[in-house]
Amino acid sequence: MNEAFKQAKIAFEDGEVPVGAVVVAKNKVIARAYNQTEKLNDVTAHAEILAITAAANYLGGKYLNECQLYVTLEPCPMCAGALYWSQLKELYFGAKDPKRGYRACNTHMLHPKTKVSEGLLAKESEQLILDFFQNLRKKSL
């Protein structure tokens, strides 16, 4: 999760919503990503989506059924859908997202075999997001 948090800090510095993600296979980080929706002018360029794509490219296949995803924020419904189709083995996320997280929409959006754990670096991840939006509000005044 520390590696995902480093990615979130990069997003913060780049003016992106600070969410970071890493994919791990066989105890090795095989993909790193952070939100790049502004940079790429693409609403689908969430950290999870970019990490899934990078991991699939690394593995040479579309399924992540032997992989773990560490992400600093609860995935949104779009990302949860992508995680479902990738058949992710394990999801670890930091901060909850009660407004836009997948569980606000449907708690069964992930693949039935995906193991979910939450709360890793939750306070730090949440604070980074709060700081980001507070800075954004200050700039708009």
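Keep in mind it's a predicted model, so treat the numbers as computed, not measured.
In this structure, the side chain to side chain contact (heavy atoms under 4.5 Å, CB included) partners of Lys39, at least two apart in sequence or on a different chain, are Glu16, Tyr34, Gln36. Residues that satisfy the salt bridge (Lys or Arg N to Asp or Glu O under 4.0 Å) test with Lys62, not counting sequence neighbours, are absent from this structure. In this structure, the side chain to side chain contact (heavy atoms under 4.5 Å, CB included) partners of Ala47, at least two apart in sequence or on a different chain, are Val19, Ala21, Asn35. Applying the side-chain hydrogen bond (donor to acceptor under 3.5 Å, both in side chains) criterion to Glu74, with sequence neighbours excluded, gives Arg103. Judged as a salt bridge (Lys or Arg N to Asp or Glu O under 4.0 Å), and not counting sequence neighbours, the contacts of Lys6 are Glu3. Contacts of Ala104 classified as side chain to side chain contact (heavy atoms under 4.5 Å, CB included), with partners at least two apart in sequence or in another chain: none. By the side-chain hydrogen bond (donor to acceptor under 3.5 Å, both in side chains) test, Ser117 is found to be paired with no residue, residues two or more places apart in sequence or in another chain being considered.
Under a hydrophobic clustering in which Ile, Leu, Val, Met, Phe, Trp and Tyr are joined whenever their side-chain heavy atoms come within less than 4.5 Å, directly or via other members, Ile10 and Val23 fall into different clusters. Both Phe12 and Val71 belong to a common hydrophobic cluster when Ile, Leu, Val, Met, Phe, Trp and Tyr are linked at side-chain heavy-atom distances under 4.5 angstrom. No continuous path of hydrophobic side-chain contacts links Leu50 to Phe5 [ILVMFWY only; heavy atoms under 4.5 Å].
Between Leu69 atom CG and Phe93 atom CZ the span is 11.0 Å, to the nearest 0.5 Å.
Listed by first and then second residue, the ring pair (Phe, Tyr, Trp, His ring centres under 6.0 Å) pairs that reach into residues 106-126 are Tyr84-His111, sequence neighbours excluded. A salt bridge (charged side-chain N to carboxylate O under 4.0 Å, His left out) check over residues 76-93, counting only residues at least two apart or in different chains, returns the pairs Glu66-Lys89, Glu90-Lys115. Screening residues 42-81 for ring pair (Phe, Tyr, Trp, His ring centres under 6.0 Å) gives Tyr70-Tyr92 as the qualifying pairs, with residues at least two apart or on separate chains.
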Side-chain donor-acceptor pairs under 3.5 Å in residues 122-136, sequence neighbours left out?
from, atom 1, to, atom 2, distance (Å)
Ser125, OG, Leu121, O, 2.8
Gln127, NE2, Asp131, OD1, 2.8
Asn135, ND2, Asp131, O, 3.4

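Within the 4.5 Å cutoff, the side chain of Thr37 has no heavy atoms near those of the Asp42 side chain.
In the hydrophobic clustering, Ile49 connects to Met78, either directly or through intervening members, whenever side-chain heavy atoms lie under 4.5 Å apart.
The two residues Ala55 and Ile30 have their closest heavy-atom pair at CB-CD1, 3.8 Å. For the residue pair Glu48 and Leu73, the shortest heavy atom distance occurs at OE2-O, 4.0 Å. Residue Leu59 comes nearest to Cys67 through the heavy atom pair CD1-SG, 3.8 Å, listed as atom of the first residue, atom of the second, then distance. Closest heavy-atom contact between Ala54 and Ala31: CB-CB, 3.7 Å.
Under the 3.5 Å distance criterion, the side-chain polar atoms of Thr114 are matched with a main-chain donor or acceptor of Leu88. Between the Thr72 side chain and the Gly20 main chain, a donor and an acceptor come within less than 3.5 Å of each other.
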